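Treat the numbers as computed from the prediction; the structure is a model and nothing was measured. What you see below is based on every heavy atom in this structure, not just the backbone, and it leaves out hydrogens, waters and symmetry mates. Residue numbers count from 1 along this sequence.
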Amino acid sequence: MKIKKENSPQLLISFRDIKEISDKNFKYFDICDLKDSEKGSIGAWEEKNILEVVKRCKKKVKVSATIGDIFYFEGIIKKLQQFDNFGLDYIKFGINTENVLELKDLIYRLGKFTFRTKLVLVVFVDKNSILKIVEENLEIFYQNNVRFLILDTYKKSNQNLTTFCKPLKIKDFINKCSVKKINVGLAGRLQFTHITKLQLLNPYVIGFR
């Protein structure tokens with residue numbers, strides 16, 4: 001049976017390549033996440049493999065995919081538009097700027113496009129100023145159709161989400177996002193031993209590799 005209970009966070013499992021995915025395991029999680037960490041913090045799969053997983057899994061589990069470590073506007077838009085045709089449930093993209101004006105410009109310009117797929121902004125908590133900028137500008141995300149954020153780590157070291165964000169900080173961030181009708185996911189080198197504590201924070205999703 002699933003770890004997930006009624007009204008508890010959805011469970012996301014990230015897979016590095018198509019060989020790791022087994023249909024028999026779909027009953028244990030809610031979202032099949034396609035992310036190749038060997039290609040970067042949010043490294044992307046090859047298009048043909050993404051399409052194969054969507055074909056195999058779409059009716060059994062939700063599917064998300066990352067666009068890769070692309071952090072400039074034109075590249076992000078191009079990839080989002082490409083991935084929007086794949087039949088995914090979620091597309092994950094990241095920001096790597098500590099300039100508030102650059103962040104605002106990206107989100108405002110993003111809001112001018114229409115996407116069928118839910119967009120998920122990856123916020124790197126080990127770059128503390130990025131989290132602060134996002135927290136101070138939550139209103140613009142909802143207004144420009146970015147209704148999902150996921151807290152993750154940029155560097156894939158032994159440190160995890162809770163190294164950089166204590167539970168009270170995470171809870172405060174989730175509460176602020178909830179007021180703005182933004183869903184928050186938690187990831188970043190988490191272990192299954194973190195589940196009980198993180199469930200109490202009421203995130204939208206908890207992600208594991």
Side-chain angles (χ1 to χ4, degrees), residues 1-45 49-50 52-54 56-69 80 83 86-95 115 117-126 131 134 141 146-154 156 160-162 164-165 167 170-171 173-174 177-178 182-209:
M1 60 182 294
K2 288 186 180 182
I3 296 174
K4 181 179 182 294
K5 298 179 181 179
E6 186 178 358
N7 298 322
S8 66
Q10 296 188 65
L11 184 61
L12 174 150
I13 302 295
S14 289
F15 296 94
R16 186 177 295 146
D17 60 55
I18 199 166
K19 296 177 182 178
E20 293 185 338
I21 298 177
S22 172
D23 294 20
K24 65 182 181 181
N25 292 325
F26 290 155
K27 61 184 177 180
Y28 296 112
F29 56 89
D30 304 283
I31 302 173
C32 178
D33 182 50
L34 313 182
K35 179 177 71 173
D36 187 351
S37 56
E38 293 187 350
K39 293 182 179 179
S41 57
I42 49 172
W45 279 34
N49 290 333
I50 295 175
E52 175 63 25
V53 171
V54 170
R56 278 175 52 189
C57 308
K58 190 64 183 292
K59 294 182 179 180
K60 303 173 184 177
V61 69
K62 294 178 181 177
V63 183
S64 70
T66 55
I67 68 168
D69 282 18
L80 290 178
F83 278 47
F86 292 169
L88 294 159
D89 296 285
Y90 304 96
I91 308 173
K92 294 162 61 182
F93 69 103
I95 53 171
F115 296 95
T117 318
K118 296 181 178 68
L119 303 184
V120 181
L121 175 64
V122 180
V123 181
F124 300 118
V125 298
D126 45 345
L131 178 60
V134 169
F141 293 101
V146 179
R147 312 289 174 80
F148 299 86
L149 305 177
I150 188 163
L151 304 184
D152 202 345
T153 52
Y154 182 76
K156 305 308 177 186
N160 60 66
L161 171 68
T162 62
F164 304 97
C165 289
I170 297 173
K171 181 62 175 176
F173 182 78
I174 291 174
C177 289
S178 178
I182 296 173
N183 298 290
V184 178
L186 306 178
R189 303 289 295 181
L190 295 176
Q191 303 297 320
F192 281 98
T193 53
H194 290 112
I195 285 183
T196 301
K197 183 178 291 185
L198 294 180
Q199 278 183 327
L200 298 176
L201 306 181
N202 197 32
Y204 178 76
V205 65
I206 302 177
F208 299 90
R209 160 70 188 132

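- The shortest heavy-atom contact between Leu11 and Phe29 is O-CB, 3.6 Å.
- Counting heavy atoms from C-beta outward, Thr117 and Phe86 have side chains that stay 4.5 Å or more apart.
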Quick one: do Phe141 and Val134 satisfy side chain to side chain contact (heavy atoms under 4.5 Å, CB included)? Show the steps, please. CA-CA 9 Å; Phe141 293 101; Val134 169; 3.8 Å; yes

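- Between Val122 and Thr66, every side-chain heavy-atom pair lies at or beyond the 4.5 Å cut-off.
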As a quick check of understanding, evaluate side chain to side chain contact (heavy atoms under 4.5 Å, CB included) for Leu131 and Cys165, giving each step before the final call. CA-CA 10 Å; Leu131 178 60; Cys165 289; 3.7 Å; yes

Are Ile170 and Val125 close enough, and set up right, to give a side chain to side chain contact (heavy atoms under 4.5 Å, CB included), and what steps lead you there? CA-CA 10 Å; Ile170 297 173; Val125 298; over 6 Å; no

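- Salt bridge annotation for Lys92-Asp152: absent, with no cationic side-chain nitrogen under 4.0 angstrom from a carboxylate oxygen.
- Exactly one residue among Val54, Ile13, Val53 makes a side-chain contact (heavy atoms from CB on, under 4.5 Å) with Cys32. That residue is Val53.
- Crowding of Lys171 atom NZ: a count of heavy atoms from other residues, nucleotides or ligands under 6.0 Å exceeding 12.
- A donor-acceptor contact under 3.5 angstrom links the side chains of Ser41 and Asp69, judged on distance only.
- The shortest non-hydrogen separation linking Thr153 to Gly188 is OG1-CA, 3.7 Å.
- Every residue two or more places apart in sequence or in another chain that forms a side chain to side chain donor-acceptor pair (under 3.5 Å) with Tyr204 is listed here: Gln10, Tyr90.
- The distance from the CG atom of Leu151 to the CD1 atom of Ile174 is 7.0 Å, given to the nearest 0.5 Å.
- Residues forming a side-chain contact (heavy atoms from CB on, under 4.5 Å) with Asn160 (at least two apart in sequence, or on another chain): Thr162, Thr163, Arg189, His194.
- Applying the side-chain contact (heavy atoms from CB on, under 4.5 Å) test to Glu20 and every residue at least two apart in sequence or in another chain returns Phe15, Arg16, Asp17, Arg209.
- Across every non-hydrogen atom of Gln199 and Pro9, the tightest pair is CG-CD, 3.9 Å.
- With values rounded to the nearest 0.5 angstrom, Leu12 atom CG is found 4.5 Å from Asp33 atom CG.
- With contacts defined as side-chain heavy-atom distances shorter than 4.5 Å, the pair Phe148/Val205 does not qualify.
- One finds the OG atom of Ser14 at 10.0 Å from the CD1 atom of Ile31 (value rounded to the nearest 0.5 Å).
- For Asp126 (side chain) and Tyr154 (main-chain N/O), a donor-acceptor pair under 3.5 Å exists by modelled atom type.
- Checked by atom type and distance alone, the side chain of Asp36 never pairs as donor or acceptor with a backbone atom of Gly43 at under 3.5 Å.
- Closest approach of Leu149 to Ile182, counting heavy atoms only: CG-CG2, 3.7 Å.
- Residues that satisfy the side chain to side chain donor-acceptor pair (under 3.5 Å) test with Asn183, not counting sequence neighbours, are absent from this structure.
- Residue Leu80 holds its CG atom at 5.0 Å from CD1 of Ile67, rounded to the nearest 0.5 Å.
- Within the model, atoms CH2 of Trp45 and CD1 of Ile18 stand 5.5 Å from one another, a figure rounded to the nearest 0.5 Å.
- Ile150 and Ala187 get closest at one heavy-atom pair: CD1-CB, 4.0 Å.
- In this view, Phe115 satisfies the ring pair (Phe, Tyr, Trp, His ring centres under 6.0 Å) rule with no residue, not counting sequence neighbours.
- Considering only residues two or more places apart in sequence or on other chains, Phe93 meets the ring pair (Phe, Tyr, Trp, His ring centres under 6.0 Å) condition with none of them.
- The CG atom of Leu186 sits 9.5 Å away from atom CZ of Phe173, with the distance rounded to the nearest 0.5 Å.
- A pairwise comparison of heavy atoms in Cys57 and Val63 identifies CB-CG2, 4.1 Å as the closest pair.
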